[in-house]
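What follows is a short report on a single structure.
Remember, it's a predicted structure, so these values are computed and weren't measured experimentally.
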Amino acid sequence: MPGAAGHRERRIMSAQFPVARPRRLRRTPALRRMVAETRLAPADLVLPMFVKEGISEPQPVASMPGVVQHTRDSLRKAAHEAAEAGVGGLILFGIPAVKDGEGTAADDPAGIVQLALRDLKSDLGDAAVVMTDLCLDEYTDHGHCGILTAGGEIDNDATLERYASIAVAQAAAGAQVVGPSGMMDGQVGVIREALDKAGYSDVAILGYSVKYSSAYYGPFRDAAECAPQFGDRSTHQQDPANADESLREVFLDLDEGADMVMVKPAGPYLDIVRRVRDAVDVPVVAYQVSGEYAMIEAAAEKGWIDRDRTIMESLISIRRAGADLTLTYWATEVAKKLR
C-alpha cells in the first residue's frame with residue numbers, strides 16, 4: 001500500500017539520537033503549552049447541578065465534597081458563577097418533595113426542575129446552554145428509571161410515554177437540550193416525535209447512548225436521592241464487559257434523531273469514548289461521574305495525590321480519548337483556571 005510504504009520510508013529516514021532529542025520540546029512550560037496536542041477550554045465543560053424542592057439552604061452531599069443539593073436561589077447563584085467562568089453548559093437534576101410510582105413530579109409544570117429552568121432561562125439568556133436530565137429515578141418512590149409492572153419489572157413502552165411527556169414539559173420550561181438517561185429501548189425516537197409534535201423541534205437531544213451499569217454511580221445516588229429500593233439497573237444499563245454493544249446503541253440513537261451521544265462513565269471507559277469518536281460525526285460527550293470525582297477528592301484529602309494536577313490530568317485524558325464535551329463536577333473550578 002502506498003501509504004504504508006510511505007510511512008515505512010519516513011521511519012527509515014527519520015533522525016535518531018543524538019540528533020533527535022524529543023525532550024527539546026518539553027524543556028519549558030511555554031514550549032510544552034505551544035506543542036500540546038490536546039487542549040481544554042471552558043466551553044468544553046458542562047456542570048451537573050442538583051436542585052431540591054423544600055429546602056431553605058444548600059445541602060452538602062457527604063460523598064461528594066464540594067457538591068450540594070441546591071435551593072432555587074443557590075442554584076441561580078452557582079449557575080451565574082459557572083456562566084461567568086465560561087462553562088459551556090449546565091445540566092439539571094431534580095429532587096422533588098414528594099415521590100410516587102409514576103414520577104408525576106417529573107413533568108409537573110410546577111415541578112422543581114421546571115421552576116429552576118424558568119429561573120435559569122431568565123437569568124442566563126445565551127450565556128450557557130441549559131440542559132436537563134430526563135429520567136424517572138429521581139422522581140419515583142421505588143427509585144427505578146421507569147414504570148413498573150405488577151411483577152416489579154420495568155415496563156419499557158409504558159415508560160416511553162412518561163419520557164415523552166417529561167421532554168415536552170422540560171422544553172416548555174426552557175430546556176435547550178434534553179438528555180434521556182434511562183436507557184429504555186426507543187427512548188430517543190419517542191422523545192423526538194413528542195418534541196416535534198409539540199412545536200419544540202429546535203430542542204436538541206443528548207442521547208445517553210452508552211451508559212454502563214456501573215459501581216461508579218454510588219455518590220450520585222446520594223446526591224439525587226435515587227437509589228433503587230430493590231434490585232438494580234442491569235436490565236437496561238450496559239454490561240461493563242461489552243464494547244461492540246456500545247456502537248449498536250449509538251447508531252440506534254442516531255437513527256432515532258439524537259443530536260449528540262454520550263459515554264458514561266468516562267474515565268474507566270476511555271476505550272469506548274475513542275471507539276465512538278471514530279465511528280460518528282456528531283459531538284461526543286463523556287460524563288466524568290460521581291465516583292470518579294469522589295475518589296480523587298478522597299485521595300487528595302488523604303494527601304495521597306496532588307488534587308489539582310490529578311483533576312486536570314483526568315480531564316485531559318477524556319478529551320484526548322475523543323470527547324468534545326465533558327460533564328464534570330469540577331467544571332466551574334477548572335474553567336476559572338483555564339481562563
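For S314 and S317, the side-chain atoms include no donor-acceptor pair closer than 3.5 Å. Defined by atom type and a distance below 3.5 Å, a donor-acceptor pair is missing between the side-chain atoms of T159 and D155.
The shortest non-hydrogen separation linking V188 to P180 is CG2-CG, 4.4 Å. In this structure, V273 and A286 approach most closely via the heavy-atom pair CG2-CB, 4.3 Å. Of all the heavy atoms in P96 and K99, the pair that sits closest is CG-CG, 4.0 Å.
With Q59 contributing its side chain and E57 its backbone, the two residues share a donor-acceptor pair below 3.5 Å. A donor-acceptor distance shorter than 3.5 angstrom exists from the side chain of R319 to the backbone of R39, with no hydrogens or angles considered. A donor-acceptor contact shorter than 3.5 Å links the side chain of E292 to the backbone of G267. Of the possible donor and acceptor atoms, none in the side chain of R118 sits under 3.5 Å from a partner among the backbone N and O of A173. Listed for the R274 side chain is a donor-acceptor partner under 3.5 Å among the backbone atoms of R320. Side-chain atoms of E53 come within 3.5 Å of backbone N or O of A97 as a donor-acceptor pair. When atom types are taken as modelled, the side chain of H142 and the backbone of H144 share a donor-acceptor pair closer than 3.5 angstrom. Between the E249 side chain and the S246 main chain, no donor and acceptor come within less than 3.5 Å of each other. Of the possible polar contacts, none joining the N156 side chain to the M184 backbone as a donor-acceptor pair under 3.5 Å is found. Side chain of R277 to backbone of V280: a donor-acceptor contact under 3.5 angstrom is found.
A side-chain contact (heavy atoms from CB on, under 4.5 Å) with L90 holds for exactly one of L124, T332, L327; it is L124. Just one residue in the list L315, V87, V46 forms a side-chain contact (heavy atoms from CB on, under 4.5 Å) with T328, and that residue is L315. For the pairing with Y212, the ring-ring contact (aromatic ring centres under 6.0 Å, His included) check across Y217, Y287, Y269 returns one residue only, Y269.
With a 6.0 Å cutoff to the six-membered ring centre and a 45° limit on the axis angle, K52 does not count as a cation-pi contact of F93.
The distance from the CG atom of L160 to the CD1 atom of I191 is 8.0 Å, given to the nearest 0.5 Å. Atom CG of L195 is separated from atom CD1 of I205 by 5.5 Å, given to the nearest 0.5 angstrom. In this structure, the separation between CD1 on I91 and OG on S181 is 7.5 Å, given to the nearest 0.5 Å. A distance of 4.0 Å separates CE of M262 from CG of L206, quoted to the nearest 0.5 Å. The line from CD of E333 to CG of L47 is 11.5 Å long, rounded to the nearest 0.5 Å. To the nearest 0.5 Å, the span separating CG on D306 from CD1 on I311 amounts to 9.0 Å.
Atom CZ of R248 has 12 or fewer heavy atoms from other residues, nucleotides or ligands within 6.0 Å. Counted within 6.0 Å of CZ on R27, heavy atoms from surrounding residues, nucleotides or ligands total 12 or fewer; the atom is thus considered open. At most 12 non-hydrogen atoms from other residues, nucleotides or ligands lie less than 6.0 angstrom from CG of D281. Around atom CD of E245, more than 12 heavy atoms belonging to other residues, nucleotides or ligands sit under 6.0 Å away. For D239, the CG atom counts as densely surrounded, since its 6.0 Å shell holds more than 12 non-hydrogen atoms of other residues, nucleotides or ligands.
A salt bridge links K197 with E193: the distance from a Lys NZ or Arg NE/NH1/NH2 to an Asp or Glu carboxylate oxygen falls below 4.0 Å. Salt-bridge check for R192 with E256: failed, with every basic side-chain N at 4.0 Å or more from each acidic carboxylate O.
Annotation: side chain to side chain donor-acceptor pair (under 3.5 Å) contacts involving residues 76-91, sequence neighbours excluded, comprise R76-D123, E81-K336. For residues 161-180, the pairs satisfying side chain to side chain donor-acceptor pair (under 3.5 Å) are D107-R162, D107-S165, T132-Q170, with sequence neighbours left out. Listed by first and then second residue, the ring-ring contact (aromatic ring centres under 6.0 Å, His included) pairs that reach into residues 306-339 are Y293-Y329, Y293-W330, sequence neighbours excluded.
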